[in-house]
Amino acid sequence: GQLPPIRCLRSRKSGDKEVCVAMATANGVTREYIRFEVIDMNCKALSKTVPVRHRSLPVCMYSGAIAMGANSEVQTFPEEVEKAGCPNCKLLPDWSTEQVLPWACRPGAVTRRVFCEQARPGAVGAGAAAEKNGAVPRTVCLKLLDELRSLGGHGYELLVGGELEFTVAKPKAEGGWVPYFDGLDIFATLQNAKAMDFCYDLERNMEPVGVDILTMNAEYGEGQLEIAFAPKFGIEACDMTATFRTGTKEIAQSKGLLASFISRPWGVEGVGNGGHLNFSLWAPDASGSAASSSRDDVFSRVTKGKTNVLHSSEDPQGLSETAKHFLAGVLAHAPALEAVCSPTPPCYTRHGHWAPVVSNWGPEDRTAAVRVKADKAGDPASCYMELRMPSASANPYLVVAALVAAGLDGLERKLELPAARQTKEDGAAELPTALAGAIAALQADTYMVEKLGSDFVRWYKSVKEGEMNAIDEQLAKGARSDEEVAAAWKHMYFEYV
């Protein structure tokens with residue numbers, strides 16, 4: 001009749017909220033573990049789990065782990081990994097990201113997670129002193145965010161929010177997967193209710209780790225849900241998205257379900273999973289003149305003491321010169337951005353279906369590559385842009401890194417913003433229509449290669465070509481029917497993306 005002992009562990013990134021996990025074993029002892037986790041090119045979490053008593057010891061992982069495909073049947077071997085003899089390399093933990101993961105705890109076991117970077121093959125030194133592998137997505141992102149912060153001494157920070165669409169599937173008795181629920185009735189309360197128990201479980205598990213869910217609803221696809229998040233600044237926004245993706249898949253798996261962020265879960269046409277990225281640019285309010293707001297909500301609390309540098313109360317469009325230059329840079333490099341925004345072959349079936357086909361922008365335009373929400377007479381804090389290019393499959397670290405790199409070019413060269421709602425005929429650049437073309441566009445953009453890093457581009461290209469080759473090999477055995485194409489895509493991406 002006695003209650004099990006309760007152990008309270010503080011989650012370092014969820015404010016003052018404590019994560020209390022009721023754990024008990026036969027002798028009343030709770031074990032504690034830490035996942036040392038690195039995020040690969042596909043935003044797949046790779047980890048080693050370590051008893052907490054060994055947290056200070058070096059943890060190593062195969063140096064080419066992030067060069068594997070979404071499905072580990074794809075193995076690629078970067079030249080420096082081969083040259084070094086395919087060694088293990090140290091994981092470099094960022095201890096500020098250490099958190100208890102409620103969904104990963106078990107009776108008698110509390111599980112934490114710390115995000116890591118990794119030493120490069122052949123690097124010397126221990127811990128933070130080791131030279132980092134510049135191909136690791138989180139490392140790439142941190143480098144670009146540091147460049148943004150340093151630009152002109154302005155201290156710019158990127159505020160990132162948005163929403164993710166994903167598909168929940170249930171097993172068939174004869175094997176395989178089917179949608180968790182049927183129908184295409186977006187927003188319908190009865191449709192929402194079909195998966196609301198799952199959504200409630202998600203929200204309950206995510207809030208303690210700082211993933212602040214704003215809205216939950218069924219989308220316009222079978223088994224498709226959309227979750228919107230409160231924003232965070234910089235790398236914390238990317239960590240939040242990576243946490244949500246892995247956690248959602250784990251929670252589904254624990255229920256005998258499968259959650260997938262694959263762009264095209266069923267067939268080769270129809271509704272796909274998008275991952276629109278909302279962003280704005282902020283600077284410290286050194287003068288104390290930041291526009292005051294009567295709002296008292298999560299947005300105003302997150303941005304307290306900062307000024308939104310995208311907004312202008314004088315410009316007819318409500319956009320500052322900084323906003324125009326940044327956006328012009330994004331549009332100038334949009335074809336290269338597509339390589340990370342649409343990182344799998346099925347992503348390109350979204351084009352023309354609420355996903356852009358040219359590099360353009362427009363006020364409140366859901367068909368544009370960048371949808372702009374700005375009002376000269378409105379609250380400056382409400383001014384933001386929505387990058388509509390990313391699929392849900394996109395790695396958030398890479399999308400943010402590429403976005404910042406492109407925006408920096410616009411700021412540094414003071415690029416002129418094209419007119420709104422341009423078409424191909426008006427001169428707007430066409431976006432690549434297939435992954436191979438997007439990879440070629442990235443390679444051809446020497447500025448983006450330099451900013452993201454030639455090592456990263458080489459590793460990324462190798463992984464994506466490996467995935468495409470594996471899909472082609474599977475399709476070569478048949479007639480390349482729509483059913484076979486869909487099956488090949490699912491084999492590669494459904495479980496782990």
Side-chain angles (χ1 to χ4, degrees), residues 42-45 70-71 101-104 162-207 209 211 213-229 240-276 344 346-347 349-350 353-355 390-394 482-483 485-497:
N42 285 291
C43 200
K44 180 172 67 174
N71 180 322
L101 304 178
W103 60 86
E163 65 270 356
L164 276 176
E165 297 166 351
F166 62 96
T167 298
V168 182
K170 60 185 178 182
K172 294 190 294 186
E174 63 273 23
W177 300 91
V178 294
Y180 187 51
F181 54 86
D182 298 323
L184 308 177
D185 300 281
I186 182 173
F187 305 134
T189 297
L190 290 179
Q191 185 79 332
N192 292 344
K194 294 176 182 178
M196 200 47 63
D197 285 345
F198 179 77
C199 290
Y200 289 157
D201 208 14
L202 271 186
E203 196 279 332
R204 182 168 52 249
N205 278 275
M206 292 295 163
E207 191 272 340
V209 294
V211 179
I213 291 175
L214 297 176
T215 62
M216 307 174 283
N217 60 271
E219 251 288 350
Y220 192 74
E222 294 182 316
Q224 187 182 37
L225 297 172
E226 180 183 68
I227 306 292
F229 309 96
M240 172 184 70
T241 305
T243 298
F244 176 80
R245 281 181 54 159
T246 302
T248 297
K249 295 176 79 67
E250 279 192 82
I251 292 168
Q253 184 172 278
S254 72
K255 299 175 180 296
L257 306 172
L258 190 151
S260 182
F261 296 84
I262 186 175
S263 181
R264 179 71 57 204
W266 316 114
V268 297
E269 59 183 21
V271 170
N273 287 320
H276 305 150
T344 72
C347 294
T349 64
R350 295 177 58 247
H353 300 93
W354 302 108
S391 150
S393 303
D482 287 351
E483 291 76 13
V485 170
W489 288 348
K490 287 181 72 174
H491 178 73
M492 180 60 63
Y493 300 111
F494 194 54
E495 182 174 1
Y496 290 105
V497 168

(message) Minimum heavy-atom separation for Glu165 and Gly272, please, with both atom names.
(response) OE1-O, 3.4 Å
(request) Kindly compute the distance separating CD1 (Ile227) from CZ (Phe244), expressed to the nearest 0.5 Å. (result) 5.0 Å
(message) How long is the straight-line distance from CD of Glu163 back to CZ of Phe229, given to the nearest 0.5 Å?
(response) 9.0 Å
(request) First locate atom OG of Ser254, then atom CG of Asp201, and finally report the distance between them rounded to the nearest 0.5 Å. (result) 7.0 Å
(request) Walk me through it: do Ile213 and Glu207 pass the test side chain to side chain contact (heavy atoms under 4.5 Å, CB included)? (result) CA-CA 7 Å; Ile213 291 175; Glu207 191 272 340; over 6 Å; no
(message) Does any part of the side chain of Ser393, heavy atoms only, come nearer than 4.5 Å to the side chain of Asn273, both counted from C-beta?
(response) no
(message) If I take atom CH2 from residue Trp103 and atom OG1 from residue Thr243, how far apart are they, to the nearest 0.5 angstrom?
(response) 6.0 Å
(request) Over all heavy atoms of both residues, which pair between Pro102 and Val209 is shortest? Give the atoms and the distance, please. (result) CD-CG1, 3.8 Å
(request) Could you grab the distance from atom CD of Glu226 to atom OG1 of Thr215, nearest 0.5 Å is fine? (result) 6.5 Å
(request) For residues Phe261 and Lys249, report the shortest heavy-atom separation together with the two atoms involved. (result) CE1-CG, 4.1 Å
(request) Would you name the heavy atoms of Lys44 and Tyr496 that are closest together and state the gap between them? (result) CD-CB, 3.6 Å
(request) Please examine the side chains of Val168 and Phe181, heavy atoms only from C-beta on, and report whether any two atoms are closer than 4.5 Å. (result) no
(message) Looking at every non-hydrogen atom in both residues, tell me the closest pair between Asn192 and Phe187 and how far apart they are.
(response) ND2-O, 3.5 Å
(request) For residues Thr167 and Trp177, determine if any side-chain heavy atom of one lies less than 4.5 Å from a side-chain heavy atom of the other. (result) no
(message) Rounded at 0.5 Å granularity, tell me how far OG1 in Thr189 sits from NZ in Lys194.
(response) 12.0 Å
(message) Looking at Phe198, is its backbone amide N or carbonyl O close enough to the side chain of Glu203 to form a donor-acceptor pair, meaning the two atoms are under 3.5 Å apart?
(response) no
(message) A side-chain contact here means heavy atoms from C-beta on lying under 4.5 Å apart; do Tyr200 and Met216 qualify?
(response) yes
(request) State, yes or no, whether a side-chain contact exists between Met206 and Thr248 at a heavy-atom distance under 4.5 Å. (result) yes
(request) Work out which heavy atom in Arg245 is nearest to a heavy atom in Val497; give both atom names and the distance. (result) NH2-CG1, 3.8 Å
(request) Answer whether the closest heavy-atom distance between the side chains of Thr344 and Ser391 falls below 4.5 Å. (result) no
(message) Using modelled atom types and a 3.5 Å cut-off, is there a donor and acceptor pairing between side-chain atoms of Arg350 and backbone atoms of Ser263?
(response) no
(message) Could you go through Leu184 and Glu222, starting from their C-alpha distance and side-chain angles, then the distance that decides it, and tell me whether this counts as side chain to side chain contact (heavy atoms under 4.5 Å, CB included)?
(response) CA-CA 6 Å; Leu184 308 177; Glu222 294 182 316; 4.2 Å; yes
